[in-house]
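Reading through the structure tokens given below for one structure.
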Amino acid sequence: MVRDLVGANGAARVFSYLSAAVALAPAIAPIIGGFLTDAFGWRACFAALTLYGAGGLIAVFTVLRETNNQRDMSAANPLAWFRIYGALVKHRGYFGYVLAATFGYSGIFCFISGSSFVFIDVLQVPAKCFGFCFGVFVIGYIIGATSGGKLSKRLTASQLVGLGSLIALLSALALVAINLIAPASVWTVLAPLLPYMIGVGMTLPAAQAGAIGPFPRSAGAASALLGFVQMAVAAAIGAVLGVIGSPSPMPMTLMIAGTGVAQIACYWFVIRKAPAA
């Protein structure tokens, strides 16, 4: 929808501001969830999700308007899906941006999967206070996303991905080093994660814009494939982290660092060498 409304040139800026707004949800939700769990038990969270989902569904049908002015009903043919997705995968620039976004989101998912265990079970943070720890993480993303929106007037999507990936990598390496040297605490985890999320906040919206921008007639397919790969890989990495477990923050920090290395590799070896769209 962003691609439909603002075109390829404005997509990086709008994606950045949109991502910053969307990031408010995971900043607020764990705080609400913590208090709901403390007051009514963990099942209360599912009741809240049901009400929230119903409200979102109603809003889609009553408020959201169609933005696609190039609708092609032949695109609903399953054979067309394979043709379009095949063309997308063969596009080196698209492939690079998808991988960069995937590993950036996987780093976020490592924190989502491991943070409750690390903070509540290992570092003994009360459940009702966990949301505030999560909020620090999200604040970094909001700073990065809004900064990326400002910088998009001067930098290309590729340059923003490169800058964000570098910040994320250096912060992730600092996260591992600090937790190897210093005793584990809330701040040895959160302090390096703040700049890490600034880097990811710059990377994800720019990677989305870079991936979808060159495909005005198949923006929906480009967005769908990006979302599928992003979620599938992140879920797999999160599942591995859950299986590993540890009485320390190290598995989570090491996997976040691994996604940071993969992210910068995608920029350096794929996106940077891809032909201009």
Which other residues end up in the same hydrophobic cluster as L170, if Ile, Leu, Val, Met, Phe, Trp and Tyr are linked when side-chain heavy atoms come under 4.5 Å apart?
-> L166, L169, L173, V261, I264

Can you tell me how far the CE atom of M250 sits from the CG atom of L180, to the nearest 0.5 Å?
-> 4.0 Å

Do any N or O atoms from the side chain of S113 and from the backbone of C110 form a donor-acceptor pair under 3.5 angstrom?
-> no

Of the non-hydrogen atoms in A48 and L36, which two are nearest, and what is the gap between them?
-> CB-CD1, 3.9 Å

Min side-chain heavy-atom separation S147-I198 under 4.5 Å = no

Minimal non-hydrogen separation, A224 against Y85, with atom names | CB-OH, 3.9 Å

Should the pair F111 and F137 be assigned to parallel (<30°), tilted (30 to 60°) or perpendicular (>60°) ring geometry?
-> parallel

Nearest atoms (heavy-atom pairs only) where Y17 meets G149 = OH-C, 3.6 Å

Quick one: does M197's side chain get under 4.5 Å of V136's, heavy atoms only?
-> no

L163/L151 under side-chain contact (heavy atoms from CB on, under 4.5 Å): CA gap, chis, key distance, verdict = CA-CA 11 Å; L163 176 61; L151 291 171; 4.1 Å; yes

Are there more than 12 heavy atoms of other residues, nucleotides or ligands under 6.0 Å from atom CZ of F95?
-> no

Can you hop from L190 to V125 via hydrophobic side chains spaced under 4.5 Å?
-> yes

Does the side chain of V270 reach to within under 4.5 Å of the side chain of R92, using non-hydrogen atoms?
-> yes

Find out whether L225 and V89 are in side-chain contact, i.e. whether some heavy atom of one side chain is under 4.5 Å from a heavy atom of the other.
-> yes

Any sub-3.5 Å donor-acceptor pair from T259's side-chain atoms to I256's backbone N or O?
-> yes

Return yes if some donor-acceptor pair links the side-chain N/O of T203 with the main-chain N/O of S165 below 3.5 Å, else return no.
-> yes

L193 side, atom CG; S171 side, atom OG - distance, nearest 0.5 Å = 8.5 Å

Hydrophobic cluster membership, I271 vs I212, 4.5 Å side-chain cutoff = no

Between atom CE of M202 and atom CD of Q159, what is the distance when rounded to the nearest 0.5 Å?
-> 12.5 Å

Any idea how Y105 and F109 line up, ring-wise: parallel (<30°), tilted (30 to 60°), or perpendicular (>60°)?
-> tilted

Using the side-chain contact (heavy atoms from CB on, under 4.5 Å) rule, take Y141 and V200 through it: C-alpha gap first, then chi angles, then the decisive distance, then the call.
-> CA-CA 7 Å; Y141 185 88; V200 173; 4.2 Å; yes

Give the minimum heavy-atom separation between L123 and V186, together with the two atoms involved.
-> CD1-N, 3.7 Å

How many angstroms lie between CZ in F269 and CG in L99, if you round to the nearest 0.5 Å?
-> 13.5 Å

Calculate, to the nearest 0.5 Å, the distance between atoms SG and CD1 belonging to C129 and I120 respectively.
-> 9.5 Å

Heavy-atom pair with the smallest gap, counting every atom of G96 and C266 | O-CB, 4.2 Å

Decide yes or no for C45 and T37: does some side-chain heavy atom of the first lie under 4.5 Å from some side-chain heavy atom of the second?
-> yes

Side chain to side chain, L241 and P251, heavy atoms closer than 4.5 Å = yes

Is Y97 linked to I167 within one hydrophobic cluster, defined over Ile, Leu, Val, Met, Phe, Trp and Tyr using a side-chain heavy-atom separation of less than 4.5 Å?
-> no

Out of curiosity, L204 CG to L226 CG, how far, rounded to the nearest 0.5 Å?
-> 9.0 Å

A222 backbone acceptor or donor facing Y94 side chain under 3.5 Å | yes

Do F215 and L88 come within less than 4.5 Å of each other through their side chains, counting heavy atoms only?
-> yes

Would you sort out whether T188 and N179 count as a side chain to side chain donor-acceptor pair (under 3.5 Å), showing the intermediate values?
-> CA-CA 6 Å; T188 61; N179 282 277; 3.1 Å; yes

Are V161 and L155 joined in one hydrophobic group, where the rule is that I, L, V, M, F, W and Y side chains link up if heavy atoms are under 4.5 Å apart?
-> no

Looking only at heavy atoms, what is the nearest atom pair of I84 and S218, with distance?
-> CG2-CB, 4.0 Å

Applying the 4.5 Å side-chain criterion to the ILVMFWY set and letting contacts propagate, would I237 and I244 be lumped into a single cluster?
-> yes

